[in-house]
Each structure stands twice: as C-alpha cells, then as structure tokens.
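To start, the structure under review is shown below, and the notes come after it.
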Amino acid sequence: MTAPRALYRAVTLVGAAHPGALAVEGDRIAWVGADADADAWADGATEVHHLPGVLLTPGFVDAHVHLGMTGQALRGLDLSGARSRVEVLERFAAHVATSTETVVHGQGWDDTDWSDGTLTGADLDRVAGERATYLARVDGHSAVVSAAMVAQVSGLRDADGWGGDGRVERHAHHLVRRHLATTTGPAHREAMIGAALRSAAAAGIVSVHENAAPDISPLDDVTLVRGLREAEVLPEVVTYWGARGAYDEARAYGVAGLAGDLNLDGSLGSRTAALHAPYDDNPSSSGHLYLDADEVAEHVVGCTRAGLQAGFHVIGDRASTVFVEGLRSARDVLGTDTIRAARHRVEHLEMPSGAELELMAQLGVTASVQPSFDAAWGGRTGMYAARVGRARAQRMNPFAAMQAIGVPLALGSDAPVTAFAPWGAIEAAMHPRNGGTGLTLAQALHAHTAGGWHAARVDDAGVLEAGAAAHLAFWEVPEDADAIEAAVGGHARCVRTVVGGRAAFDTTSTDA
C-alpha cells in the first residue's frame, strides 16, 4: 500500500529566501524544496495545506520534564509569579474554597524576592484547617506542608530535611512525595499526564523526556504514558527512571535509561545544591551531596554494560566535580570508546569547570540544560547572585563554552519548574543574563530539536530533510515580520504540531 501523502505549501523555511514546501509520506519526510517546484507532489496527495507565511521548523524536543507534576500544575493550584507570601495565601484560600481534592496540591511559589517572609505550615493550617496540604517550591526540591499532612506521613518529624515549621526538603520531602503517590489513583495520574502532553503539543513540542524517579512519581506512570499514546496522537515520550541498580525494572518497563533525576545534589533555590564554598546568603551551609564518585562510577559502568543510558541531576559545582570524578573512574574501567558509545547524560549542569566540560566532551556525555533557568534567576540581582554571589553566578550556565568544547547539548524546561516555551528557551540560550556569549540561533535551534533526539539515542529526527522522521511544528507570525526574529522575540503562535506524520495539535484547515 502507498503511504498517505500530506503536502505543506507556501511555508517559510529557516534560511530560505522564497516560499517553501514539504511533503510527508507516512511517518517520513519525502521531499523539501521551493514551493514553485511542489506541483508534482500535489498529484496523489491526500492532504494539501496552503500556509502562506507560516514558519515551518522541526518539532521541538523538551529534554527534561515531569509529566504528572506538570499536569497537576496545569489543572490545579499554580502559584508561579506570586509576588509575596500574602499573595500566595490569597490564591491558596480561593482555591481551597472551591477544591474537592482529598489533598490540596500547589506548585510554583518562589520566595526569592518576597519582603514579607516565607511560607510556613502554620500559614497553611490557618487557611485550610484540617485539610492535608502540599505546596511545592518552584524548583521542586522543597515544599511546605500542613499539620494534617505531617500527621499522615510516618516518620516525617524525624527525617533529615524536616524544618519544624512545615518546611520539608531532602529525605523529608521524599517521604511526603512518596505518600502523595499513594493518595492519587491511576485515573487521576493518567489525566494529569494527558494534560501535560497535550499542552506540550500545543507548544510545538513533538517529544519529551520524562525524568521519573522513585521520589517523584510511580514507575507505573510509564505504562500510563504508553496507554495514552496508543489512544491518541501525542508527543513521543522517552522515559527515564532515576534509580541505581534498577536493571530488572528498566527491562520490565522498557525505559531508555536509569537516568534523569538521579540526584547528586538538590537546587540552588532551596539551598540544597552542593557547593565547594558556602552559600553567600547562608554561610553555614554548602548544600548537600547525595552520591559520591564511587557510586557514580558504579552506576555508569553498570548501565553501560546493561545497554542503558546513565544520567544524573547535577547543579552545584561540588556535585559537578564528583560527577566528573565518577565518569573518569568509569572510563578507566571500560575505555573511552565504550563510554562514548553509550551516550550517557547529565541534567542541569549549571556550575561546571572548563576541565570538567572537556572530559564530558571526550566521553560524549550530553548536557540536558534549561536556559529558562537563567532567564528566570540569572543576572546581577537574580536568585543565583543572591545564593552564590555575583562572581560565581556570572560563570553559571556556560552554554557557549559547552558548545565550543564539544559537549552535546539538549534543551528542556524541567516543566513544571518552567513552562513549555521552546522559543523562550532559544532566546535565553542566545542572550544569557550575565552578558556573556550565548549560542547562535542555529546552535540553539539544533540543541532544541536534533540535540534532543541525539540525547535519546535517535539519529534520524530533528531536521527537515528527505528521509527524516516527520516531526514538525508550524508557527503563525505577524504579517511582514521576519519570521525567525518574531519567533525568538516571543511573537510566534503554534498552529500545528505533527508527530510521526500525524497531527497532535492543529488549528489550520486542510484544502484537499
């Protein structure tokens, strides 16, 4: 049987002076060229889309997401952008008044610039009374919980990371999240995951990398993802499980690797990222390290031998040093070529040294990074500068140095920490807030498309070439504007997302 053919005409292609066209047959791109040469492809086409002035790009890959948490944030209490403790409590009270949730969830508060103090459990108790409540900080590495929640979680008051005032981080936070996973059934989690995937498709995203871990979500979410994708056209999902030694689980569930949020440390916002020198705004602490170099090496060697990708969550400079020490030891056991062929990865990597990047480049380790972090918290007066001082903050997130040294890059959002906004990530990668050199447009676009596929060990996607997988995004831009300038400037609206030749999101019309 002949595969169905879709023809897209009069589109704007990056770098092309004249209108372009693209033909899709089945799940592959069959032809790309000038619109003036497209008539021959119209014969036999089952769909013809005339989209004058619409920008066509490869579909974006978001290389770091948390689907269940993102769906919960989209459909529940979103506290992002709240400018004070009082504003959070006002939003919280309005939500509690109408919510029927057994446990009240909230996500996204950021107390960096608040002038009225931070949240406490007593605040939640005054609003919610005896209802169990969990409000996660924007970075997802700490939260505030109500007294009713504390009463439900066995051993919480004795756990490392219990603050005594309702604040939980580290092991205490893990206990709470494990408990939360027991309070929501599969139907609820499936609804949250589905909401997140549909939101991603509406943002021009054709694939996401789900960074699951025992303290974040149940492993059964992998099964829910597959069921959703069988029922409707949604972005592809590459699943990772952040657990050491879980080889049997990896085989049973078919995950791509024991990677993602396997944490070496925490976050700067929660002051749990591991630093060589103390935090500027808390000199008594240098953060927390959860694994040592020997454990890193053991995991990398084990995953390599099992044919799985290894990966770690790494943010602070001390965590980066330990990660690279472990990589070096693994290389000494298996050799450079074997490690390089495995395409291991590291998430975030905000404070690496040049020497550490050089070893990563030699070993082919992909850096899965989030430029929107820098947009949100970088700069001379941002959260990074407050936490680690301007000198250290200025050296953070060196995307151009990573690119120059040869570290493969993949861009992502860490949703729900930041939103699905691929053009915003590209703009942030091109224009870092420290004033240093950014990526070029071509480099950033590659990192958010083909780079994401490379990070998942897929080599036939992320480009507009005949034979490549048909993962596409179409963008409406203002008339007479430069299409790319408009997109990078935040003035592009996704109108169609195609995953494997089929529409996962569509607001356009078909002419044939």
Side-chain angles (χ1 to χ4, degrees), residues 66 68-153 156-157 159 161-170 172-177 179-181 183-184 188 192 195 216 266-272 281-282 372-373 376-377 381-384 386-387 414-419:
H66 304 286
M69 293 167 61
T70 300
Q72 185 71 52
L74 289 170
R75 298 180 56 160
L77 175 57
D78 181 5
L79 297 171
S80 61
R83 293 164 292 181
S84 66
R85 167 176 159 271
V86 167
E87 183 177 344
V88 164
L89 294 175
E90 289 173 347
R91 292 194 199 179
F92 178 49
H95 180 77
V96 167
T98 59
S99 170
T100 59
E101 298 170 289
T102 303
V103 176
V104 182
H105 289 73
Q107 166 73 35
W109 58 271
D110 184 352
D111 56 350
T112 302
D113 297 322
W114 294 354
S115 60
D116 57 352
T118 192
L119 290 172
T120 67
D123 290 331
L124 308 191
D125 296 339
R126 281 192 291 272
V127 174
E130 296 183 358
R131 294 180 70 180
T133 301
Y134 168 85
L135 301 185
R137 196 181 186 280
V138 63
D139 52 45
H141 285 265
S142 61
V144 174
V145 297
S146 67
M149 175 63 76
V150 175
Q152 292 182 12
V153 182
L156 182 58
R157 293 183 182 276
W162 166 249
D165 58 355
R167 176 75 172 249
V168 290
E169 60 182 47
R170 291 173 283 143
H173 192 203
H174 296 164
L175 289 177
V176 172
R177 291 206 290 201
H179 172 74
L180 288 172
T183 67
T184 56
H188 175 84
M192 297 304 104
I216 295 176
S267 73
L268 290 168
S270 293
R271 298 187 187 86
T272 51
D281 58 356
N282 185 8
S372 295
F373 286 8
W377 301 307
T381 60
M383 182 269 287
Y384 290 154
R387 293 290 188 268
D414 198 12
V417 176
T418 66

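Taking A148 as the reference, A132, S146 meet the side chain to side chain contact (heavy atoms under 4.5 Å, CB included) condition, with sequence neighbours excluded. For S80, the side chain to side chain contact (heavy atoms under 4.5 Å, CB included) test picks out D78, with sequence neighbours left out. Residues forming a side chain to side chain donor-acceptor pair (under 3.5 Å) with N282 (at least two apart in sequence, or on another chain): S284. Qualifying side chain to side chain donor-acceptor pair (under 3.5 Å) partners for E90, counting only residues two or more places apart in sequence or in other chains: none. For the side chain to side chain donor-acceptor pair (under 3.5 Å) test, no residue two or more places apart in sequence or in another chain qualifies with R131. Residues satisfying the side chain to side chain contact (heavy atoms under 4.5 Å, CB included) criterion with A159, sequence neighbours excluded, are H171, A172, L175. In terms of the ring pair (Phe, Tyr, Trp, His ring centres under 6.0 Å) criterion, W162 has no residue partners (sequence neighbours excluded). In terms of the side chain to side chain contact (heavy atoms under 4.5 Å, CB included) criterion, D113 has no residue partners (sequence neighbours excluded). Residues forming a ring pair (Phe, Tyr, Trp, His ring centres under 6.0 Å) with F92 (at least two apart in sequence, or on another chain): none. For H66, the ring pair (Phe, Tyr, Trp, His ring centres under 6.0 Å) criterion is met by H64, not counting sequence neighbours. Contacts of R177 classified as side chain to side chain donor-acceptor pair (under 3.5 Å), with partners at least two apart in sequence or in another chain: none.
E101 and H95 form a side-chain donor-acceptor contact under 3.5 Å, judged by distance and modelled atom types alone.
Between E87 and G81, the shortest heavy-atom distance links the atoms OE2-O, 4.3 Å. Shown here for G117 and R85, the closest heavy-atom pair between the two residues is O-CB, 3.6 Å.
The line from OG1 of T70 to CG of D414 is 8.5 Å long, rounded to the nearest 0.5 Å. The OG1 atom of T184 lies 9.0 Å from the CE atom of M192; values are rounded to the nearest 0.5 Å. The distance from the NE2 atom of H179 to the CE atom of M149 is 5.0 Å, given to the nearest 0.5 Å. The CG atom of L119 sits 11.5 Å away from atom OG1 of T133, with the distance rounded to the nearest 0.5 Å. Note that the CZ atom of R126 and the CG atom of L124 stand 9.0 Å from one another [nearest 0.5 Å]. One distance of note links NE2 of H105 with CG of L180; it measures 4.5 Å at 0.5 Å rounding.
With contacts defined as side-chain heavy-atom distances shorter than 4.5 Å, the pair L156/V168 qualifies. The shortest distance between side-chain heavy atoms of V145 and V150 falls below 4.5 Å. Residues L77 and V96 fail the side-chain proximity criterion, which asks for heavy atoms closer than 4.5 Å.
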Compile the donor-acceptor pairs under 3.5 Å between side chains in residues 134-141 and protein atoms, sequence neighbours left out, one pair per line.
{"residue": "Y134", "atom": "OH", "partner": "H173", "partner atom": "NE2", "Å": "2.8"}
{"residue": "R137", "atom": "NE", "partner": "D111", "partner atom": "OD1", "Å": "3.3"}
{"residue": "R137", "atom": "NH1", "partner": "D139", "partner atom": "OD2", "Å": "2.6"}
{"residue": "R137", "atom": "NH2", "partner": "D110", "partner atom": "OD1", "Å": "3.0"}
{"residue": "R137", "atom": "NH2", "partner": "D111", "partner atom": "OD1", "Å": "3.3"}
{"residue": "R137", "atom": "NH2", "partner": "T112", "partner atom": "OG1", "Å": "3.4"}
{"residue": "D139", "atom": "OD1", "partner": "H141", "partner atom": "N", "Å": "2.8"}
{"residue": "D139", "atom": "OD1", "partner": "S270", "partner atom": "OG", "Å": "3.0"}
{"residue": "D139", "atom": "OD2", "partner": "S267", "partner atom": "OG", "Å": "3.1"}
{"residue": "D139", "atom": "OD2", "partner": "S270", "partner atom": "N", "Å": "3.2"}
{"residue": "D139", "atom": "OD2", "partner": "S270", "partner atom": "OG", "Å": "3.1"}

Next on the checklist: Between R167 and S142, is the side chain to side chain donor-acceptor pair (under 3.5 Å) condition met? List the steps.
Outcome noted: CA-CA 7 Å; R167 176 75 172 249; S142 61; 3.2 Å; yes
Item to check | Candidate pair Q72 and H188, rule side-chain contact (heavy atoms from CB on, under 4.5 Å), full reasoning | outcome: CA-CA 9 Å; Q72 185 71 52; H188 175 84; 3.1 Å; yes
Next on the checklist: Could you go through W109 and V144, starting from their C-alpha distance and side-chain angles, then the distance that decides it, and tell me whether this counts as side-chain contact (heavy atoms from CB on, under 4.5 Å)?
Outcome noted: CA-CA 10 Å; W109 58 271; V144 174; 3.8 Å; yes
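The backbone N or O of T120 sits nowhere less than 3.5 Å from a side-chain atom of D165 that would complete a donor-acceptor pair. Using modelled atom types, one side-chain atom of W114 and one backbone atom of A82 make a donor-acceptor pair closer than 3.5 Å. Here the side chain of D116 pairs no donor or acceptor atom with the backbone of S84 at under 3.5 angstrom.
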